[in-house]
Protein chains: 2
Amino acid sequence: MRQIKHPSIDQIELTDIMYALSDPTRLEIVARLANAGRKMTCGEFDLNRPKSSMSHHFKILRAAGLVETLIEGTEHMNALRVNEIEQKFPGVLQSVLQALHRS
Amino acid sequence: MRQIKHPSIDQIELTDIMYALSDPTRLEIVARLANAGRKMTCGEFDLNRPKSSMSHHFKILRAAGLVETLIEGTEHMNALRVNEIEQKFPGVLQSVLQALHRS
DNA sequence: TCCATAGTTCGAATATAATCGAACTATGGA
DNA sequence: TCCATAGTTCGATTATATTCGAACTATGGA
């Protein structure tokens with residue numbers, strides 16, 4: 001059961017995080033993951049976009065270190081790396097999530 | 001003494017803030033403005049880039065609502081809009097500045 | 001073994017951004 | 001009025017992103 005590679009905490013760059021969060025689609029994905037508070041498959045996000053586009057956005061979220069994807073069977077389970085990001089950049093992700101929650 | 005237009009608080013978008021902060025040069029400008037704690041001219045940032053490039057980055061920082069520029073004589077005085085951003089998106093800018101301070 | 005499902009990768013088109021020199025604008029001082 | 005200074009705007013080049021269909025891969029179930 002081959003798994004996907006993710007950056008380690010010390011490889012995560014603030015600019016990559018900021019960039020990943022500058023796209024409305026990706027921000028929506030992050031918001032839904034945070035609200036759900038559980039792992040979600042790519043298909044669960046019903047954002048009216050083709051699979052290849054969604055895959056592209058997940059790739060960027062993963063590369064930025066925001067999202068962790070575990071392969072379980074035929075599904076890819078995605079989770080926010082809240083604790084790790086919080087450890088490296090305290091308050092950044094939390095405050096962004098709060099801002100999203102208000103709007 | 002013509003002044004530059006800036007977005008009002010309610011026109012500021014989170015995605016624009018994130019985007020503006022995803023570039024290393026702009027992040028450096030923001031960090032220096034925060035550290036200085038005072039208004040700075042464009043020329044004070046000695047980032048080894050031509051004037052037109054710096055002007056471009058200031059334009060994006062202004063459009064995002066992060067920086068306010070007041071024309072005083074021949075100089076353009078730039079300041080971070082910390083209080084306003086803090087009001088609209090509590091913690092976002094502060095935590096980013098803290099992250100910059102650590103690295 | 002065959003098929004459906006879930007998601008990735010590829011490739012090409014289009015859009016957006018970064019970069020920087022050159023020309024321009026506005027102000028203040030000589 | 002002339003000039004220097006500070007910064008913007010313009011225009012062209014190059015680089016990077018977004019988008020999406022089509023082909024591909026991996027897994028589990030019939």
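What you see is a predicted model, and the numbers here were worked out from it, not measured in a lab. Just so it is clear: chains get the letters A, B, ... in the order the sequence lines come, proteins before strands, and each one is counted from 1.
Side-chain atoms of B:N78 and B:L61, non-hydrogen and from C-beta on, never get closer than 4.5 Å to each other.
In this structure, A:I71 places its CD1 atom 10 Å from C1' of D:dT25, rounding to the nearest Å. Atom NE2 in B:H76 sits about 11 Å away from atom P in C:dG28, given to the nearest Å. Computed from coordinates, the A:K51 NZ to D:dA26 P distance equals 15 Å when rounded to whole Å. At whole-Å resolution of the value, CD1 in A:I4 and P in C:dG7 are 10 Å apart. Look at CD on A:E75: it is 13 Å from P on C:dT5, rounded to the nearest Å. Look at CG on A:L47: it is 15 Å from C1' on D:dC20, rounded to the nearest Å. Atom pair B:N78:CG and D:dA6:P shows a separation of 14 Å (rounding to whole Å applied). Protein atom CE of B:M40 is 15 Å distant from nucleotide atom C1' of D:dA6, rounded to whole Å.
Follow the hydrophobic side-chain contacts under 4.5 Å out from B:M54 and you reach B:L21 in the same cluster. One hydrophobic cluster holds both B:L97 and B:M40 under the rule that ILVMFWY side chains link at heavy-atom gaps under 4.5 Å. A continuous path of ILVMFWY side-chain contacts below 4.5 Å connects B:I12 to B:V82, so both sit in one hydrophobic cluster.
Using a 4.0 Å cut-off, no side-chain N or O of B:K59 falls inside it from OP1 or OP2 of D:dG7. An OP1 or OP2 oxygen of C:dT8 is reached within less than 4.0 angstrom by a side-chain nitrogen or oxygen of A:S55.
Stems are defined here as 3 or more consecutive Watson-Crick or G-U wobble pairs with pairing distances under 3.5 Å; those involving DNA chain C are C:1-30 with D:1-30.
The shortest heavy-atom contact between A:A34 and A:L80 is CB-CD1, 3.8 Å. The two atoms that bring B:S95 and A:V92 nearest to each other are OG-CA, 3.3 Å, heavy atoms only.
Legend: salt bridge (Lys or Arg N to Asp or Glu O under 4.0 Å) pairs involving residues 35-48 of chain A, not counting sequence neighbours, sorted by first then second residue: A:R38-A:E44, A:K39-A:E72.
Contact check on B:K88 versus B:E84 returns no salt bridge, with no Lys/Arg side-chain nitrogen under 4.0 Å from an Asp/Glu carboxylate oxygen.
In this structure, A:R26 fails the cation-pi test against A:F58, since its NZ or CZ atom is not both closer than 6.0 Å to the six-membered ring centre and inside 45 degrees of the ring normal.
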Close N/O contacts between protein and nucleotides 18-22 of chain C (under 3.5 Å):
from: C:dA18; atom 1: OP1; to: B:Y19; atom 2: OH; distance (Å): 3.3
from: C:dA18; atom 1: OP1; to: B:R26; atom 2: NH1; distance (Å): 3.3
from: C:dA18; atom 1: OP1; to: B:R26; atom 2: NH2; distance (Å): 3.3
from: C:dA18; atom 1: OP2; to: B:H56; atom 2: NE2; distance (Å): 2.9
from: C:dT19; atom 1: OP2; to: B:H57; atom 2: NE2; distance (Å): 2.9
from: C:dC20; atom 1: OP2; to: B:S53; atom 2: OG; distance (Å): 3.3
from: C:dG21; atom 1: N7; to: B:S52; atom 2: OG; distance (Å): 3.1
from: C:dG21; atom 1: O6; to: B:S52; atom 2: OG; distance (Å): 3.1

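Comparing atom distances between the A:T41 side chain and each of C:dG28, C:dT8, C:dG7 picks out C:dG7 as nearest.
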